[in-house]
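Report on one structure; see the data block that follows.
The model shown is predicted, which means the values in this text are computed figures rather than measured ones. The figures that follow rest on heavy atoms only: side chains count, while hydrogens, waters and symmetry mates do not. Numbered from 1 within each chain, the chains take letters A, B, ... in sequence-line order.
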Amino acid sequence: MDALPADFYARPVLDVARDLIGCTVEHGDAGGVIVETEAYHDSEPACHAFVGVTPRTRTLFGPPGRAYVYRSYGIHVLLNAVCEPEGVGAGVLIRALAPSFGLDAMYARRQLRGAGAVRERDLCSGPGKLTQALGVSLRENGCSLARGPVRIGPRQGDWLEPRVVLGTRIGISRAVDLPWRFCAADSPYVSRPRPQLARGRGQAPTPVAR
DNA sequence: CATGGGATTGACT
DNA sequence: GTCAATCCCATGC
């Protein structure tokens with residue numbers, strides 16, 4: 001797989017979050033297509049980097065194109081792509097994948113810990129689920145997303161021009177109104193709640209201009 | 001050094 | 001809908 005170069009990430013984090021929809025993430029024997037992302041930037045308080053440079057946020061302020069991996073709620077591992085020029089603390093949280101290959105290994109790793117019967121659409125439908133399925137750990141923090149072990153490649157095939165809808169970010173308590181969550185429209189692999197179509201007569205999905 | 005709070009998930013009522 | 005699990009780290013004394 002060709003991997004995206006570092007300068008892909010050295011751009012405004014909202015652009016990168018949108019453009020990562022449809023790209024491929026792989027780690028070892030498994031991989032999938034990104035169908036959901038969220039953008040975080042040190043200018044807003046939901047971002048870890050809001051507090052400035054600390055041991056935890058050092059990666060976020062570092063060069064773009066690296067993985068920022070951290071533990072959430074003591075249990076889950078979350079994967080981000082560091083964005084914007086070095087010195088800016090910004091990243092894109094990878095929230096869900098459509099599994100592409102290595103599904104057997106993903107089922108095995110997901111069922112290993114706690115999860116009961118796992119359906120394919122739930123293999124990677126959440127930021128903690130996908131790292132567990134791919135076998136990503138905290139050791140990958142700071143690694144290059146071009147050189148691996150976790151790598152991200154460009155859109156291919158049916159994913160060259162995905163329809164993208166946006167909504168507000170999930171699971172945060174500050175800056176809750178920013179519409180910085182990006183999802184592939186109509187993908188069954190997106191985590192809940194789905195952002196687009198409110199129930200009943202919802203407003204139409206908001207396509208992202210580009 | 002002690003404390004508190006999560007960018008979540010799965011099980012359960 | 002509710003809730004606990006569990007670890008890293010930021011903060012305050």
If you take any heavy atom closer than 4.0 Å to DNA chain B, which residues from residues 84-101 of chain A end up in contact?
A:Leu93, A:Arg95
Taking the side chain from A:Ser187 and the backbone from A:Val35, do they hold a donor-acceptor pair closer than 3.5 Å?
no
So, the side chain of A:Arg163 versus the backbone of A:Ala185: is there a donor-acceptor pair under 3.5 Å, distance only?
no
5' to 3', nucleotides 6-13 of chain C under a 4.0 Å protein heavy-atom cut-off (B base, S sugar-phosphate only, - none) gives BBSSSS--
Spatial distance of atom CG (A:Leu145) from atom CG (A:Leu79) [nearest 0.5 Å]:
7.0 Å
At under 4.0 Å, does any side-chain N or O of A:Arg110 touch on OP1 or OP2 of B:dG10?
yes
Run A:Tyr70 and A:Thr59 through side chain to side chain contact (heavy atoms under 4.5 Å, CB included) and show every step you take.
CA-CA 10 Å; A:Tyr70 71 97; A:Thr59 309; over 6 Å; no
Of all residues at least two apart in sequence or in a different chain, which pass the salt bridge (charged side-chain N to carboxylate O under 4.0 Å, His left out) check with A:Arg58?
none
With rounding to the nearest 0.5 Å, note down the distance linking OH in A:Tyr40 to CH2 in A:Trp180.
10.0 Å
Rounded to whole Å, CZ of A:Arg174 lies from P of B:dG5 at a distance of 12 Å
Who pairs with A:Pro188 by side chain to side chain contact (heavy atoms under 4.5 Å, CB included), at least two apart in sequence or on another chain?
A:Arg121
Distance under 6.0 Å and angle within 45° of ring axis: A:Arg66 vs A:Tyr68
no
My understanding is that only residues two or more places apart in sequence, or in another chain, count here; which of them pass salt bridge (charged side-chain N to carboxylate O under 4.0 Å, His left out) with A:Asp122?
none
Strictly below 4.0 Å, heavy-atom distances to any atom of DNA chain C: list the hits from residues 62-69 of chain A, or just say none.
none
With A:Phe61, which residues qualify under ring-ring contact (aromatic ring centres under 6.0 Å, His included), at least two apart?
none
Spacing between A:Arg181 atom CZ and B:dT8 atom P, to the nearest angstrom
10 Å
NE2 of A:His76 versus P of B:dA11: gap in Å, rounded?
11 Å
Interface residues of residues 34-48 of chain A with DNA chain B (non-hydrogen, below 4.0 angstrom):
A:Tyr40, A:Ala46, A:His48
Tell me which pairs pass salt bridge (charged side-chain N to carboxylate O under 4.0 Å, His left out) where either residue lies in residues 142-153 of chain A, with sequence neighbours left out.
A:Glu26-A:Arg151
Find the distance between CD1 (A:Ile75) and CD (A:Gln132) and round it off to the nearest 0.5 Å.
10.5 Å
How close or far is atom P of B:dA7 from atom CG of A:Leu130, stated in whole angstroms?
17 Å
From A:Arg181 atom CZ to A:Leu93 atom CG, the distance as rounded to the nearest 0.5 Å
10.5 Å
In dot-bracket form, how is DNA chain C paired, counting a Watson-Crick or G-U wobble pair only if both its distances are under 3.5 Å and using | for bases paired to another strand?
|||||.||||||.
Enumerate the residue pairs fulfilling side-chain hydrogen bond (donor to acceptor under 3.5 Å, both in side chains) with a member in residues 83-99 of chain A, sequence neighbours excluded, ordered by first and then second residue.
A:Glu36-A:Arg95, A:Arg95-A:Ser191
5' priority, DNA chain B, between A:Ser173 and A:Lys129 [closest heavy atom]
A:Ser173
Any side-chain heavy atom of A:Pro64 sitting closer than 4.5 Å to one from A:Phe8?
no
Would you please name every residue forming a salt bridge (charged side-chain N to carboxylate O under 4.0 Å, His left out) with A:Glu44, sequence neighbours left out?
A:Arg169
